[in-house]
Amino acid sequence: MDGNGRWAKQRGLPRLAGHRAGTENLRRILRACVELGIKILTLYAFSTENWGRPEAEVRGLMRILEDVIDHELPELHKEGVQLRHLGDLSRISKKLQTKVLNAVEMTRNNHQLILNVAFNYGGRAEIIHAVQEIVRHGHPAEEIDEALVSKYLYTGSLPDPDLIVRTSGELRISNFLLWQAAYAEYYIAPVFWPDFDKEELCKALRLFCQRDRRFGLVK
Ligand code: FPP
């Protein structure tokens, strides 16, 4: 969801106003995904690197997550959204941790759409965490294969993403789903995230449908 800051700057607004506009947009895109029959959506909301941003912005992003849970959860639950968290919760406040865990628990039996929220997430940190868990569970070296590593990632039993969309024209992975993205298709939208509307989403999906996915094989 890149470009919130630049969207705000263009309008002479503080960066947090951009994140708020981005959150509004999230609501619209979520609805569009349900309408379009998308079954799993993963949002990169806060990276392990984002702690280095100004304190007020970090605090504001924590507050946004809290507000979304406080105000949107009943509606999300009603729409059949299953909320999951990807990342390390231990660095965020106990109060917010509890809210996230409650939201996950409350929606665990919903199946309309799985919404992964990557918050305090980093692809490298995720792989390190998976390796630590594999060692902790005493798996011998011979048992370690792709399926086992995948199982210990935050995404667990979920399939790999088919399409990764990055907004605001940037051509970077930025530590997102490094393992899972091995054969994902990428789409770079030229617009800032708050302007990424249903039309832009459909454009991404249409182009995705035209891609020739060979997964390293010959057709
Ligand atoms: C990237 O734009 C955006 C973020 C780091 C934050 C995204 C978070 C939200 C939209 C909040 C809502 C999410 C949830 C799930 C509560 P940027 O700030 O890097 O933009 P810039 O590159 O233009 O500065």
Side-chain angles (χ1 to χ4, degrees), residues 1-34 38 40-77 79 81-89 91-93 95-104 106-107 110 113-123 125 154-155 164-177 187-197 200-201:
M1 299 187 284
D2 199 11
N4 293 344
R6 279 163 283 173
W7 182 93
K9 194 171 175 202
Q10 256 185 2
R11 288 160 178 77
L13 297 169
R15 292 180 57 81
L16 269 173
H19 294 315
R20 295 262 169 214
T23 309
E24 288 295 318
N25 190 43
L26 188 50
R27 224 169 271 135
R28 293 189 285 269
I29 290 299
L30 198 58
R31 199 158 299 131
C33 285
V34 171
I38 288 166
I40 306 174
L41 176 66
T42 302
L43 301 168
Y44 200 7
F46 192 91
S47 75
T48 44
E49 289 73 39
N50 286 157
W51 290 105
R53 292 192 173 200
E55 202 193 321
E57 183 170 345
V58 170
R59 229 181 309 118
L61 286 166
M62 299 290 152
R63 171 65 70 81
I64 289 178
L65 178 61
E66 192 171 344
D67 284 353
V68 167
I69 296 175
D70 287 348
H71 302 296
E72 312 288 339
L73 186 61
E75 185 63 23
L76 291 174
H77 187 39
E79 286 180 21
V81 172
Q82 181 188 129
L83 207 77
R84 296 189 184 198
H85 170 255
L86 310 183
D88 177 12
L89 277 185
R91 201 171 160 188
I92 66 173
S93 74
K95 187 174 150 215
L96 189 49
Q97 283 184 35
T98 306
K99 287 187 185 205
V100 172
L101 293 174
N102 285 344
V104 169
M106 177 178 169
T107 60
N110 293 341
L113 177 132
I114 294 175
L115 176 62
N116 293 316
V117 178
F119 200 92
N120 192 21
Y121 172 89
Y154 294 125
T155 40
I164 296 181
V165 176
R166 179 169 186 151
T167 53
S168 86
E170 304 289 357
L171 303 173
R172 280 192 297 279
I173 297 181
S174 296
N175 209 6
F176 185 56
L177 300 180
Y187 175 72
I188 307 299
V191 298
F192 297 141
W193 169 252
D195 295 326
F196 183 84
D197 56 12
E200 287 288 337
L201 174 65

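Atoms within each ligand, like the ligands themselves, are counted from 1 in listed order.
Here's the thing with N4: one of its N/O atoms is less than 3.5 angstrom from an N/O atom of ligand 1. Checked against a 3.5 angstrom limit, the closest N/O atoms of G5 and ligand 1 fall inside it. Residue W7 places no N or O, backbone or side chain, under 3.5 Å from any N or O of ligand 1. Below 3.5 Å of separation, one finds an N or O of R53 facing an N or O of ligand 1. An N or O contact shorter than 3.5 Å is missing between L43 and ligand 1 by distance. Between W193 and ligand 1, not a single N/O pair is under 3.5 Å apart.
Looking at atom 2 (O) of ligand 1, its nearest protein heavy atom turns out to be G3 N, 3.3 Å. Protein heavy atom at the shortest distance from atom 12 (C) of ligand 1 is T23 OG1, 3.5 Å. Of the protein's heavy atoms, M1 CE, 4.0 Å lies nearest to atom 9 (C) of ligand 1. Of the protein's non-hydrogen atoms, H19 CE1, 3.7 Å is the one closest to atom 4 (C) of ligand 1. The protein non-hydrogen atom at the shortest distance from atom 8 (C) of ligand 1 is A45 O, 3.5 Å.
A donor-acceptor pair under 3.5 Å is absent between the side-chain atoms of Y187 and the main chain of T167, judged by distance alone.
Between K95 and E66, at least one side-chain N (NZ, or NE/NH1/NH2) sits under 4.0 Å from a carboxylate O, which counts as a salt bridge. With respect to D70 and K99, a salt bridge is recorded, a charged nitrogen being found less than 4.0 Å from a carboxylate O. A salt bridge is defined here as a Lys NZ or Arg NE, NH1 or NH2 lying under 4.0 Å from an Asp or Glu carboxylate O, and E75 with R31 fails to meet this definition.
Taking the side chain as every heavy atom from C-beta outward, N116 and L41 never approach each other to under 4.5 Å.
Counting heavy atoms closer than 4.0 Å to ligand 1, residue R15 contributes side-chain atoms (C-beta onward) but none from N, CA, C or O. Only the side chain of V117 comes within contact range of ligand 1, with a heavy atom under 4.0 Å; no backbone atom does.
R20 is linked by a side chain to side chain contact (heavy atoms under 4.5 Å, CB included) to R63, I64, D67, counting only residues two or more places apart in sequence or in another chain.
Using bins of under 30°, 30° to 60° and over 60° for the plane-to-plane angle, the ring pair F119/F46 lands in the parallel bin.
If you number the atoms of ligand 1 from 1 as listed, the ones under 4.0 Å from a heavy atom of N50 come out as 5 (C). Interface atoms of ligand 1 facing R6, defined by a heavy-atom separation under 4.0 Å, are 21 (P), 22 (O), 23 (O).
Residue-environment remark: CG (L13) exceeds the threshold of 12 foreign heavy atoms within 6.0 Å.
For the residue pair S174 and R166, a side-chain donor N or O sits within less than 3.5 Å of a side-chain acceptor on the partner.
W51 does not carry R53 over the face of its six-membered ring by the limits of under 6.0 Å from the centre and within 45° of the normal.
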